[in-house]
Amino acid sequence: MSTPRLVLPATLSRRRLLAGGVGVLGAALLDACAGAGSSSSSPTTGGSSGSSGSSAGSTGTSPSPTSSAGTPTRGGTARVGAIAPTAAVDPVTMYDSGSIAVAQQSAEYLVYVAANGSLTPVLATSWAPSDSARTWIFKLRPGVRFHDGSTLSAKDVVATFDRLVDPKSESSALTDFQGILQPGGIRAVDDLTVRFQLKQPYADFPYLVSSSNYNTLVLPRSYSGDFQSKPVGTGPFIQRSFTQNQGAEYTKNPDYWGKPRPYLDGVKFTFYQDDQAQLLGLQGNEINTVVTYDASDTTALASDSKLSIESVKGSATFTLWMRVDKHPFSDQRVRQAVAWAIDRKGLLSTVLDHDHAVLGNDHFFGPTMPVRPTNLMQRTQNLAKARQLLHAAGATGQKVTLTTENDGPAADYATLVKSDLAKIGLTVDLNVMSQDAFYGSGSNQPWLEVPFGIVDWASRAIPEEYLDPVLKTGGVWNSPHYSNPALDQLLARFNATTDHATRQSLVNQIAEITWTDVPVIVAYWDGGQRPVLDTLRGVQASASSYLDLSSAWLT
Amino acid sequence: MLRYLGRRLLLAVPTLLIVSVLVFFLSQLLPGDIGRAVLGPYASRAQVAAFDRQHGFDRPRVGQYVHWLGGFVTGHWGQSVVQQEAVSQLLLTALGHSLQLALYAVILFVPLSILLGLIAGFRAGSLLDQSISVGGTVMSALPDFVVGVLLILVFAVGLEWFPVSAQAAATGGLAVKVSGLFLPALTLTLGLVGYVSRMTRAGTVTALGSPYVRTAVLKGLPRRRVVSAHVLRNSLLPTITVVGTQVGYVVGGLVIVETLYNYPGFGEAMLSAALTHDVTTLETGTLLLAVISIVAVLITDLLYTAFDPRVRRRP
């Protein structure tokens, strides 16, 4: 059973403290304050949407093309705000945005997924499949040194992946590699060549060993588990200190392989417990940028002329699922009626309200993914059609409960669904739960059990990362309890196909099934935003809240 | 006096035992479990179960409780599985930071409250008295996060007189502390001044109207002597009690103020422990806070005794 990576819901790790109080009030005050004090100059929003350089495939290029114009100058320390790591930082087990951002300063991946979804070489310079994507050969970058002076070799890469696929591993990457990569499957061919022998063909395997699978940071083979106090990686910055709940300090790595980067002399992380405090730090010029950012704060910052808000498209979304084995959703016409009833454009303009979100079309091929269907019409609100379908199914006047989590736009989205469905004659009761209760544990996990719900997904690089766990028969996060042998077969063929034309045809077939059968409604795709003070350049937004400072510089 | 102290200390033992039982078993009611919190939402159930077993979180609750309480009493607070650090280190460092902030706040609000209370008491009924009373009530009624955000926006973001974050003050020198902790201490002060000054005012008004003060005035004592020897001593009694009961709050209840100013104190440490399911730290920290509150009340009572000899003579 293959269950590839779910990247973290960035919001699952830490909740907004006192969201109703500090958040709303603070934002309003900031808004008033900033509006009064600043001129009418508009921020340079979205300057970096998409990616300027197509660097995939070439060697030695910067993983993140510089977004701001100008020649980088050297020196200075960038100050970064982050929500405090939820546990001791360890690349093997980390899952929250704070830990990931901290670890990514000192350690690196084989491959980095750029903001536009393309693969960029980092510690690997090239890769190629053979045996219909069952064997993968990765060439490593020569002359790369770890912070302890040792040279990166294939043995370190083998040790890194052996550690993750060890049956006793505590890493959630173990689940991602299940059925694909096993102990013994990773071999050093020579000092700079690694061979991955897979259990089943996997055409998008490079994504599984990339930044998209964030636990795969390459660590020296001597790694013993103490990353937090003495991290050893190959990254652009060397950690000098780390204090729980307070911060971390870095100096630049003088031996970095990617010279002339990094341009900064150092990086200083300040940890916060709360978004609001972090936002005030940004307003008070105590930090230059942040790791995570709640888009609902945009209005507070938009009028601040010292800040630009970078934004990128992404493949994050809140999905609306319907259990196909529960009345009334067991009838395909009811599911279609719901899909036609939802006002997607209204959702974008009222609930999300930022320009990097785009319409979804009830399939899992997001705007930043390498392949997209070409055969579907965009589904928009059609109440007459929805009423007709619901009536034909005999479900008019029924009552259902919509369950969701108290996070991000989920509750607003649910309210919109309730009002749209009322228009076609379906009465919806809302049940908005705390995140802890919604995700639950053990045998009580409402988000996998209730018939009708909305759940949060962070951005993913490839469609398999959604399709396999959510829609495949027996998938680990199959909330709709969907099972369709035709789809399962198409997914297996998709994984085993490297030919582009064949893949496109498979994508169209898969998308058509989900569009027609609608176990899950994907109403929109969301990206990421990041406010950056104007003194810091070369920093992008990230739909996964990653922070790459290797190309950053201070004016 | 010693017998009084001994009896009070003995009474504290059952109180703390009850608190420890409540703290321990209520912490267990937190949704989710430690393994899930450390390994993340995407770890498999088997991985989480293995983690919990390895760290003993699957053992019977009563056994865990006895082990934990024994450790607390003997000073072996154990290791935080979540943060991979000694609980004592985590909590005592944070407590040290909170005590600094508490001391700063006390230095600000105690003299200020007493001064305002005395002024209001001596000028009872005047416009000044009413202004102090209304102003104090309004400030007490405003939540800390409203006052705090306002102070930050005006004095840190706008005027840039003070830093937004108090984090540097935790480890910095005296000058950094005085400047960095001013806004958090002021936030606390504004919240407490109204309440405490009203207590002083009430005590002053009562004392001024009492027969012994009238006698003192009539027998021709200078006004200053009347105030210092007779009015102050009596009017401060309720103030001391109130200040004492606020100490527990000021040391451990600063979740909002510490979080807003990003100050690594006890409240923030407890919030972090609660959010990350770090129950070892959470339980020990809460019990520690109970000990501190009880000690603070005890000290208050002793001070009260020093001011009011009548208490000592009671059987």
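Only heavy atoms go into these numbers, but all of them, side chains included; no hydrogens, no water, no symmetry mates. The chains referred to below are lettered A, B, ... by the order of the sequence lines, with proteins before strands, and numbering in each begins at 1.
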Grab the two heavy atoms, one from Q47(B) and one from T175(A), that are nearest each other, plus how far apart they are. OE1-OG1, 4.1 Å
Mind listing the closest non-hydrogen atom pair of Q273(A) and S272(B) along with its distance? OE1-CB, 3.7 Å
Does the pair L280(A) and N262(B) meet the rule for a side chain to side chain contact (heavy atoms under 4.5 Å, CB included), with working shown? CA-CA 10 Å; L280(A) 287 165; N262(B) 205 31; over 6 Å; no
With distance as the sole test, does Y95(A) use its side chain to make a donor-acceptor pair with the main-chain N or O of A37(B) at under 3.5 Å? yes
I'd like to know if the side chain of Q276(A) reaches the main chain of L260(B), judged simply by a donor and an acceptor atom lying under 3.5 Å from each other, with no hydrogens or angles considered. no
Could you give the distance from OG1 (T276(B)) to CG (N245(A)), rounded to the nearest 0.5 Å? 8.0 Å
Residues 164-183 of chain B side chain polar contacts: donor-acceptor under 3.5 Å, at least two apart:
residue	atom	partner	partner atom	Å
S165(B)	OG	Q167(B)	N	3.0
Q167(B)	NE2	Q246(A)	O	2.8
K177(B)	NZ	Q100(B)	OE1	3.0
K177(B)	NZ	A169(B)	O	3.0
K177(B)	NZ	A170(B)	O	3.2
K177(B)	NZ	G172(B)	O	3.4

Per-residue contact mode, Q278(A) against chain B (heavy atom under 4.5 angstrom): neither
Point-to-point distance, once rounded to the nearest 0.5 Å, from CG of D274(A) to CZ of F145(B): 11.0 Å
Proximity breakdown for I152(B) and chain A, heavy-atom pairs closer than 4.5 Å: side chain
Check whether P163(B) gets within reach of chain A through its side chain, its backbone, both or neither, counting any heavy atom under 4.5 Å. both
Non-hydrogen atoms of chain B under 4.5 Å away: do they reach the side chain of E286(A), the backbone, both or neither? side chain
So for Q89(B), is it side chain, backbone, both, or neither that comes closer than 4.5 Å to the heavy atoms of chain A? neither
Would you please say whether a donor-acceptor pair under 3.5 Å links the side chains of Q244(A) and E85(B)? yes
